[in-house]
Protein chains: 2
Amino acid sequence: MVRPIKKKQIPNLQDAIKEAAWKQITEFGAPALSLRAIARELKITAPAIYNYFPDRDALVTALIIDAYTSFGDWQIEARDSASSDDLHNKLEAIGLAYRNWALTYPQRYQLIFGTPIPGYTAHREKVFPSSARSISALFNVVEEFYAAGKLNIDAVPAVSETYKTHYERWRTYFSEINPLSVFVAMIIWARVHGIVSLEIQGNLPSFGKKGDALYLFELNSISRQFIKE
Amino acid sequence: MVRPIKKKQIPNLQDAIKEAAWKQITEFGAPALSLRAIARELKITAPAIYNYFPDRDALVTALIIDAYTSFGDWQIEARDSASSDDLHNKLEAIGLAYRNWALTYPQRYQLIFGTPIPGYTAHREKVFPSSARSISALFNVVEEFYAAGKLNIDAVPAVSETYKTHYERWRTYFSEINPLSVFVAMIIWARVHGIVSLEIQGNLPSFGKKGDALYLFELNSISRQFIKE
DNA sequence: AAAAATAAATAAACGCTGTATATTTACAGT
DNA sequence: ACTGTAAATATACAGCGTTTATTTATTTTT
């Protein structure tokens, strides 16, 4: 057999490859990802994959983009589910969604925020849009607080030059956003990320989805420190 | 040639293997670590390594323990360098040491807090002592604040049961420590870790060792929130 | 409808990896 | 000097990502 007839082929092989990849990652962890194993599962040969992805890194990049998109969906859904005039509620919803997504899809989380694939080197330019979109929900809400004059920026320092060039890239993906809002949003992001990444990696005890005292405390701390009244 | 005579052998081959491994990790990144490449560098054959490490994971575990030890050295040195009655100074020194170590040895940092080695599965029991030691400096200082009645624990919630069993393991490595101190220390740790891990992974702009506005702001936030007067 | 072009798959092979097994030999203890 | 042990090599295996050449199903052109 050299090439199966169309009826026996898998339609949308590109998607099938990604699905098989996710299945492997979920089951055996990201580092176990193997093109040959994917091929075995789909009953094709390994080089056939190269018709759809130029190399393994391209496949991983596609997976990372999918993960960011999934993450962004949760973030944006959290932002939009809360009524638009209750900013506090929105901020908390986004915070909770961050951890819930990470606990629901720990492998996707690791794929994004860890570096669990053997020789993979990130293709930042390709990933950037989905990445920027996923953080946009948080940035938007912080900016809304700022616009409403409710953002406490008394102690927030001026933005340095290197920093400015970095966030300029982001600005094209969000509506207009104030440098001070960026600073606060990044602090929030870092705090939330700090707990969740320690928790996912097993350095913190897992409280489960409901027993999240430490996390809730931090969300509360964020509100008290950065939101007026 | 089957076995070189002793004069031509490398003394302390075990250490030489680890050194070569670190050299590779520093140069090409952790995922590129290869037993065969180490063997080539040391001009021995790959199976010879198995006389010193039962498998590759054992070598990685040894490297992780070394990394934790190095990290712990910096932490403890920071704790002890500040005069013992200036607790604020001690806390800040530990915080700065955390980031400085990470920026000095990004590969070691990734080895500990990322999961960058292909199929490596952590040997937690073996790593635990060096890991616990490295965090002990922070825990100690927080506990000192508590003992001096200067720890602000008003808003800190009661410790849950799952949490208690976890920190009981740590207690054997520190002197007596209060549950509330543990909670605060973990918050501090998570905050510091959040920024540094984003920074190391390139998700935050690198400010360099001096331009660390965001980090200094967080250290300041920690002091204001948790330290009285 | 036949022929040519294209695209998608296989087959085979290369060099790399970690690791197991058997073999050799330098060295230590008696 | 002999023997036993420990540390190295030699060889081999299976798996990996990837490259090249080949085959063939499908599409396009004549």
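Reminder, nothing fancy here: chain letters follow the sequence lines and each chain counts from 1.
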Enquirer: Is any side-chain N of the basic residue among A/Arg133 and A/Asp73 closer than 4.0 Å to the acidic one's carboxylate O?
Expert: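 Yes, this pair counts.
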Enquirer: Kindly point out which of D/dG17, C/dA9, C/dT19 is positioned nearest to the side chain of B/Arg36?
Expert: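 Selected nucleotide (nearest to the side chain): C/dT19.
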Enquirer: Side chain of A/Asp55 only, please: which of C/dA8, D/dT18, D/dA8 is the nearest?
Expert: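 Closest nucleotide among those given: D/dT18.
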Enquirer: How long is the line joining CG of B/Asn51 and C1' of C/dA20, in whole Å?
Expert: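 Interatomic distance, CG of B/Asn51 to C1' of C/dA20: 13 Å.
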Enquirer: Any idea which of C/dG18, D/dG17, D/dT9 is nearest the B/Arg56 side chain?
Expert: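 Per side-chain heavy atoms of B/Arg56, the pick is C/dG18.
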Enquirer: Give A/Thr45 one of three labels, base, sugar-phosphate or nothing, depending on what nucleic acid heavy atoms sit under 4.0 Å from its own.
Expert: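 If one applies the 4.0 Å heavy-atom cut-off, A/Thr45 turns out to touch a base.
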Enquirer: Round to a whole Å and report the spacing from CG of B/Leu35 to C1' of C/dC16.
Expert: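 From B/Leu35 CG to C/dC16 C1': 13 Å.
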Enquirer: Would you check if the side chain of A/Asp55 reaches a backbone N or O of A/Ala58 as a donor-acceptor pair within less than 3.5 Å?
Expert: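 Yes: the side chain of A/Asp55 pairs with the backbone of A/Ala58.
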Enquirer: I need the CG-C1' distance between A/Leu42 and C/dA8, as an integer number of Å.
Expert: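 So the two atoms are 15 Å apart, to the nearest Å.
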Enquirer: By nearest heavy atom, map A/Pro54 and A/Arg40 onto DNA chain D; which one lands nearer the 5' end?
Expert: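 Its nearest nucleotide being more 5', the pick is A/Arg40.
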Enquirer: For this output row, return yes or no: ring centroids of A/Tyr109 and A/Phe71 closer than 6.0 angstrom.
Expert: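 Aromatic pair excluded; centres sit 6.0 Å or further apart.
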Enquirer: Taking only N and O in the side chain of B/Ser34, is any of them less than 4.0 Å away from OP1 or OP2 of C/dG18?
Expert: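 So the side-chain polar atoms of B/Ser34 do come within 4.0 Å of the phosphate oxygens OP1 or OP2 of C/dG18, strictly under.
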Enquirer: Between C1' on D/dG15 and CD on A/Gln24, what's the gap in Å once rounded to a whole number?
Expert: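 Rounded to the whole Å, the gap is 13 Å.
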Enquirer: What is the distance, to the nearest angstrom, from the CG atom on B/Leu59 to the C1' atom on C/dG18?
Expert: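 Rounded to whole Å, this separation is 12 Å.
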Enquirer: Would you say A/Glu143's side chain and A/Asn178's backbone share a donor-acceptor pair under 3.5 angstrom?
Expert: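 Between the backbone of A/Asn178 and the side chain of A/Glu143 there is a qualifying donor-acceptor contact (under 3.5 Å).
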Enquirer: Can you tell me how far P of C/dT10 sits from NZ of A/Lys43, to the nearest Å?
Expert: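 One finds 13 Å between P of C/dT10 and NZ of A/Lys43, rounded.
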Enquirer: Where the side chain of A/Pro47 is defined as all heavy atoms beyond and including C-beta, which of D/dC16, C/dT19, C/dA12 is the nearest nucleotide?
Expert: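 For the A/Pro47 side chain, the nearest candidate turns out to be C/dA12.
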Enquirer: May I ask you to verify if any side-chain N or O of B/Tyr50 is less than 4.0 angstrom from the OP1 or OP2 atom of C/dT21?
Expert: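 No, because none of the side-chain N or O atoms of B/Tyr50 sits under 4.0 Å from OP1 or OP2 of C/dT21.
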Enquirer: Looking only at the aromatic ring of each residue, does the gap between the centers of A/Phe183 and B/Phe217 stay below 6.0 angstrom?
Expert: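 Aromatic pair counts; centres sit under 6.0 Å.
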Enquirer: Rounded to the Å, how far apart are B/Ile49 CD1 and D/dA10 P?
Expert: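 So the two atoms are 15 Å apart, to the nearest Å.
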Enquirer: If I take atom OH in residue A/Tyr52 and atom C1' in nucleotide C/dA9, what distance separates them, rounded to the nearest angstrom?
Expert: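 That distance rounds to 8 Å.
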